[in-house]
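Shown next, in C-alpha cells, is the structure this report addresses.
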There are 2 protein chains.
Amino acid sequence: MNAMSDLLERLRGRGWRLTAQRRVVAEVLDSGEHVHLTADEVHGRAAARLPEISRATVYNTLGELVSLGEVLEFSADGRAKRYDPNARHAHQHLVCSGCGSIRDVHIAGDPMGALPESESAGYALEGVEMTFRGLCPDCRAKRGA
Amino acid sequence: MNAMSDLLERLRGRGWRLTAQRRVVAEVLDSGEHVHLTADEVHGRAAARLPEISRATVYNTLGELVSLGEVLEFSADGRAKRYDPNARHAHQHLVCSGCGSIRDVHIAGDPMGALPESESAGYALEGVEMTFRGLCPDCRAKRGA
DNA sequence: ATCCTAATCAAGACTTTGTCTAAGTCAATA
DNA sequence: TATTGACTTAGACAAAGTCTTGATTAGGAT
Ligand SMILES: [Mn+2]
Ligand SMILES: [Mn+2]
Ligand SMILES: [Zn+2]
Ligand SMILES: [Zn+2]
C-alpha cells in the first residue's frame, strides 16, 4: 500500500466524497518527484490525466487538503503559493535566490524553542517556519563566473 | 536629527534625486507607529500628504529602498508584501493567525546556525527568516470564548 | 438497478496585487 | 535660466486567486 492509497483512505475516512478530480490532484501531489508545486503546476499535471478539470476545483481541493493537514502551504517568493505533500515530517526550506528552486532541509533542534517566553507576548504559539536563502551550486557557477 | 533625515541623507549620498514623492514615502515608513505596511497602505498614507502620488511611484520607491537595504520586504500571509523600516536590527516576526497582525520578536542565538553544514547542499547561504504563528491575546479571548 | 439529493464541479466573471509603457514633468547641474 | 536625463503619472496589462451560478454526480436509499 503506497502513500497515495493511504491518503485516499484517510480522506474517505473523514467523509470525503471521492471524485475523479480529487483523485488526480492527490495523485499529482503524491507522485513524488516534483514537490513544492504551485497551484497552476498542479492543475497542469492534473489536466494531463483528466483534461476537463477546472482551476477552481484544483484550488478548492488544495485548500481542503491544507485544512485537513494533509498538505502544507507556503510562499517562498511572494508569488504563487507552493503545496508540499510532505506534511508528516517537520522540515524547513532552502530557496535559491537565483533560480528559485526549493529544497527541504532539516535543522538541529526545535525552532519554536528559539523564541524566549518573554518575547511571545501572550500569544498562543502554533508553529514556526524557517526559510533559508542562498545561491545553489548551479547558480553559483553561472553568476560567479 | 531624527531617523528620517538620516535616511534621506544616506539616500542623497547614494545619488538619489530627492523628489517630493520619495520624501513622503520615506516619511510614511519612518513615522514609526505602523510598521509592516503593505504597498497600498503606504500609498494611502503617502497620498494623504501628496494627493497626486501614483501607485507606480510607491512601488518603485519601495523597491529601490529594498534594493538599497534600507527597508525589508517580506510576505507574512501569501497576500500583499509587507515593508519593514526596521532593517538595522535583525529580528523575526510573530503573526496572529486570527487577525493577521504582525509583531517583531527577537530570538536567542543565530538562526543561520541551526542549519547543519551537511544540509546546506553546497548552497552559499545568504540569510534566513523565521515566522512564528499563533493567536494574539485579543483573538484568543474572542475565539476561545 | 434505479432514484434522489446534497455535495461537488465547470466556466468564466471578478478581485487583488503587482508590473510595464508612453508621454509629460522636474531636480540638479551648468 | 536652459538643459537633460531621471523621475512621475495614468492606465493598460498580467499573475494569482476567489466567487457565483447552473450543471453534474457519488453514494446512500429504495
Ligand atoms: Mn518541503
Ligand atoms: Mn519587523
Ligand atoms: Zn539556483
Ligand atoms: Zn489576532
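Throughout, a chain's letter reflects where its sequence line sits, starting with A, and its residues are numbered from 1.
Residues from residues 60-81 of chain A that place a heavy atom under 4.0 Å from any atom of DNA chain D, listed by number: A:Arg79, A:Ala80, A:Lys81. Of the residues in residues 40-50 of chain B, not one places a heavy atom less than 4.0 Å from an atom of DNA chain D.
Using a 4.5 Å heavy-atom threshold, the side chains of B:Pro85 and B:Asp30 count as separate. Side-chain contact between B:Val25 and B:Ile53 is present, with at least one heavy-atom pair separated by less than 4.5 Å. Here the side chains of A:Leu11 and A:Leu65 are in contact, with some heavy-atom distance below 4.5 Å.
Taking OG of B:Ser101 as the start and CG of B:Leu94 as the end, the distance is 8.0 Å to the nearest 0.5 Å.
No option in B:His91, B:His89, B:Gln92 other than B:His91 meets the side chain to side chain donor-acceptor pair (under 3.5 Å) test with B:Asp104. Across A:Val105, A:Leu72, A:Asp84, a single residue satisfies side-chain contact (heavy atoms from CB on, under 4.5 Å) together with A:His93, and that is A:Asp84.
The stretch residues 61-74 of chain A participates, sequence neighbours left out, in these side chain to side chain donor-acceptor pair (under 3.5 Å) pairs: A:Arg10-A:Glu70, A:Arg14-A:Glu70, A:Arg22-A:Glu64, A:Glu73-A:Tyr83.
A salt bridge is absent between B:Arg45 and B:Glu27: the closest approach of a Lys/Arg side-chain nitrogen to an acidic carboxylate oxygen does not fall below 4.0 angstrom.
An OP1 or OP2 oxygen of C:dA10 is reached within less than 4.0 angstrom by a side-chain nitrogen or oxygen of A:Thr57. Between B:Gln21 and C:dC26 there is no side-chain N or O to OP1 or OP2 distance below 4.0 Å.
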Contacts under 3.5 angstrom, residues 109-120 of chain B side chains, donor-acceptor by atom type, not counting sequence neighbours:
unit_1	atom_1	unit_2	atom_2	d
B:Asp110	OD1	B:Met112	N	3.1
B:Glu119	OE1	A:His106	N	2.6
B:Ser120	OG	B:Glu117	O	2.8

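Annotation: salt bridge (charged side-chain N to carboxylate O under 4.0 Å, His left out) contacts of A:Arg79 (sequence neighbours excluded): none. For A:Arg103, there are no salt bridge (charged side-chain N to carboxylate O under 4.0 Å, His left out) partners two or more places apart in sequence or in a different chain. For B:Ala76, the side-chain contact (heavy atoms from CB on, under 4.5 Å) partners at least two apart in sequence or on another chain are B:Phe74, B:Val95, B:Ile102. Listed by chain and number, the residues in a side-chain contact (heavy atoms from CB on, under 4.5 Å) with B:Arg55 are B:Asp40, B:His43, B:Tyr59 (sequence neighbours excluded). Evaluation of the salt bridge (charged side-chain N to carboxylate O under 4.0 Å, His left out) rule for A:Glu41 yields A:Arg82 as partners, not counting sequence neighbours.
Terminal axes of the helix from C:dA1-D:dT30 to C:dA30-D:dT1 (five pairs each, C1' rotation axis) are separated by 30°, to the nearest 10°.
Residue whose closest nucleotide on DNA chain C sits further toward the 5' end, between A:Arg55 and B:Tyr59: A:Arg55.
Nucleotides of DNA chain D that come within less than 4.0 Å of any heavy atom of chain B span, from the 5' end to the 3' end, D:dG5 to D:dA10.
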Could you write out each protein N or O paired with an N or O of nucleotides 28-30 of chain C at a distance under 3.5 Å?
unit_1	atom_1	unit_2	atom_2	d
C:dA28	OP1	B:Leu18	N	3.3

(request) Apply the test side-chain contact (heavy atoms from CB on, under 4.5 Å) to residues A:Thr131 and B:Thr131: give CA-CA distance (whole Å), side-chain angles for both, the deciding distance (0.1 Å), then the verdict. (result) CA-CA 9 Å; A:Thr131 305; B:Thr131 304; over 6 Å; no
